[in-house]
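Following: one structure in structure tokens, then a few remarks.
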Amino acid sequence: MLQVQFIRQNRELVLERLAVKHFTDAAVVVDEVLALDDQRKKLTLEYDETQAKVNSASKEIGKLMASGDKSGAESRKQEVAAFKQALGPIDEQLRSTEKLLHDTLVRLPNLPGADVPKGRTPEDNLEIRRGGDIPTLAEGAVPHWDLAKKYDLIDFELGNKVTGSGFPFYKNKGARLQRALISYFLDFNTSAGYTEFLPPFLVNEASAYGTGQLPDKEGQMYHMQEDNFYLIPTSEVPLTNVFRDEILKESELPVKITAYSPCFRREAGSYGKDVRGLNRLHQFEKVELVQIVHPETSYQALQEMVSHVEKLLQSLNLPYRILNLCGGDMSFASAQTFDFEVWSAAQEKWLEVSSVSNFETFQTNRMKVRFKDENGKNQLVHSLNGSSLACPRIMATLLENNQTPGGILLPEALHTYFGADRIA
RNA sequence: GGUGAGGUGCCUGAGAGGCCGAAAGGACCGGUUUGCUAAACCGGCGUACGGGUCAAACUGUACCGAGGGUUCGAAUCCCUCCCUCACCGCCA
């Protein structure tokens with residue numbers, strides 16, 4: 001959620017930035033926000049002044065009663081009654097204005113940062129780096145879903161039977177590899193200074209709202225109606241909400257957290273060739289990074305996270321590329337996002353395995369995550385997050401890219417975690 | 001799930017219709033004293049939204065788990081919900 005104050009002071013800049021995100025009717029919505037905020041201030045003043053009269057009259061009544069002046073008290077009561085009559089409609093208007101202001105404000109996406117490329121579609125994303133070597137596979141190389149069957153690593157049909165499509169069973173060495181990835185990623189992150197958490201996998205409504213899953217992305221989450229809990233689509237949700245309504249000390253920044261969790265996504269309406277095998281699932285394993293930082297250092301933190309994830313991919317010897325997402329392809333809440341994609345050699349396409357974003361104050365404004373600066377003033381912190389990494393697609397590319405007649409050769413970093421150097 | 005007790009500021013904890021944005025202590029911040037550390041003493045110390053101001057000072061309103069209600073007036077009384085704790089039941 002953008003800050004009204006900021007919009008008011010930087011109207012032109014806001015419009016210009018919103019254009020980079022291809023947000024239509026920006027001027028209309030922005031001006032509506034400003035008008036509603038004016039209305040809100042006016043009504044607030046009116047309400048406060050009337051209420052102040054009620055309060056002071058009530059105090060007098062108390063004194064009059066104490067001094068035995070019953071008739072004086074009675075006449076003051078009449079006055080109060082009149083004030084209160086006036087207060088009702090003002091209160092009603094104020095509430096509806098505040099709600100409308102809020103509802104309008106949340107329609108505005110975050111402003112893209114200065115380095116965000118202009119552009120509308122994924123083709124306009126700016127590739128900033130590549131790393132690793134794209135392997136040439138031997139004749140007869142197959143996609144991961146065939147490899148999974150060949151080595152008995154994943155059972156998609158069994159998942160269909162027990163739950164439904166998009167909920168695979170990992171088995172044998174497949175399950176072991178999945179566990180190895182999670183452990184390796186977590187260790188890699190903690191040794192870089194991230195604190196390990198293991199969050200709840202269900203969150204309440206306030207938390208789903210806090211990170212912006214609600215109200216607009218309602219249909220993408222699984223909802224437990226009985227208890228009104230939501231299955232987390234990413235551990236970003238519980239992790240960022242740790243700090244909801246908190247005022248941190250400046251010395252506590254930056255906060256760096258990593259956590260494993262399964263992620264649950266309904267992915268309603270996405271079917272077809274892109275969702276085959278491990279490419280897109282309703283439940284998948286992921287290790288996440290979250291940082292809560294001083295506003296002045298968030299872009300530095302973003303670079304640090306990007307290079308951290310990059311090192312992790314390098315240690316897996318996977319061919320990757322890093323994209324600076326263009327305004328049109330970024331998420332609603334992000335100010336800048338770098339996507340990591342790895343090359344799936346058998347499918348011959350790039351698969352997104354991580355998305356690292358700076359949200360600036362967009363999330364923290366909604367969640368009221370602040371810190372006390374050296375002047376004793378409360379300021380919003382910046383929040384960032386990124387995956388390190390999404391397991392299924394890493395698994396898919398590891399299988400495909402490293403297939404040899406002698407089995408699937410795993411990168412050295414995983415040998416101890418997996419307990420072997422290959423799947424054979 | 002049942003029964004009981006509770007939810008007050010960063011923490012502990014008082015307050016039981018007006019004198020309460022809230023005692024006291026601790027923590028924290030600033031200062032004095034001090035060979036260092038510690039202690040002692042003095043002062044400060046919630047949040048949000050308004051008004052006001054160059055900025056302050058100052059000032060209004062709201063907030064004592066959440067939402068309603070009673071009342072001229074609610075942290076305090078009533079209702080609903082949420083949560084916590086204890087015991088019982090069930091259970092990895």
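Side-chain atoms are counted along with the backbone in the values below, which use heavy atoms only and exclude waters and symmetry mates. Quick caveat: nothing in here was measured; it's all calculated off a predicted structure. Letters A, B, ... are given to chains in the order of the sequence lines, protein chains preceding strands, and every chain is numbered from 1.
- Pair assignment for B:A27 gives none, since no Watson-Crick or G-U wobble pairing has each distance under 3.5 Å.
- Put simply, A:Q51 has a side-chain N or O that comes within less than 4.0 Å of OP1 or OP2 on B:A62.
- The distance between atom NZ of A:K70 and atom P of B:C72, rounded to the nearest whole Å, is 13 Å.
- In terms of phosphate contacts, A:N55 brings a side-chain nitrogen or oxygen within less than 4.0 Å of OP1 or OP2 of B:A62.
- Between the NZ atom of A:K377 and the C1' atom of B:A48 there is a distance of 13 Å, given to the nearest Å.
- Here B:A74 sits opposite no nucleotide as a Watson-Crick or G-U wobble pair (both hydrogen-bonding atom distances under 3.5 Å).
- Under a 3.5 Å cut-off, the side chain of A:T190 and the backbone N or O of A:D187 do form a donor-acceptor pair.
- At the phosphate of B:G50, OP1 or OP2 sits under 4.0 Å from a side-chain N or O atom of A:R40.
- The shortest distance between the side-chain N/O atoms of A:K372 and the OP1/OP2 oxygens of B:U47 is below 4.0 Å.
- The distance from atom CG of A:D48 to atom C1' of B:G50 is 6 Å, rounded to the nearest whole Å.
- Annotation: cation-pi geometry not satisfied between A:R265 and A:F284 (NZ/CZ under 6.0 angstrom from ring centroid, within 45° of ring axis).
- Of the side-chain N and O atoms in A:R370, none sit less than 4.0 angstrom from OP1 or OP2 of B:U47.
- With a cut-off of 3.5 Å on both pairing distances, the Watson-Crick or G-U wobble partner of B:G1 is B:C88.
- The closest donor-acceptor contact from the side chain of A:E400 to the backbone of A:H144 lies under 3.5 Å.
- Between A:K63 atom NZ and B:C19 atom C1' the separation is 9 Å, expressed in whole Å.
- Taking the six-membered ring where the residue is Trp, A:F188 and A:H308 present tilted rings, their angle falling between 30° and 60°.
- With a cut-off of 3.5 Å on both pairing distances, the Watson-Crick or G-U wobble partner of B:A66 is B:U80.
- Note on A:A57: nothing from the nucleic acid sits closer than 4.0 angstrom, heavy atoms only.
- Base pairing of B:C45: no nucleotide in any strand meets the Watson-Crick or G-U wobble criterion (both distances under 3.5 Å).
- Using N1 to N3 plus N6-O4 or O6-N4 for Watson-Crick, or N1-O2 and O6-N3 for G-U wobble, each under 3.5 Å, B:G9 pairs with nothing.
- Counting to the nearest Å, the P atom of B:C63 and the CD atom of A:E98 are 14 Å from each other.
- Put simply, CZ on A:R95 is 10 Å from C1' on B:G68, counting in whole angstrom units.
- The aromatic rings of A:H294 and A:F371 sit tilted relative to each other, their planes meeting at an angle between 30° and 60°.
- Look at B:A56: it lacks any Watson-Crick or wobble partner with both distances under 3.5 angstrom.
- In this structure, the CG atom of A:N228 is 15 Å from the C1' atom of B:C83, given to the nearest Å.
- Atom CG in A:N204 sits roughly 15 Å away from atom P in B:A66 (whole-Å rounding).
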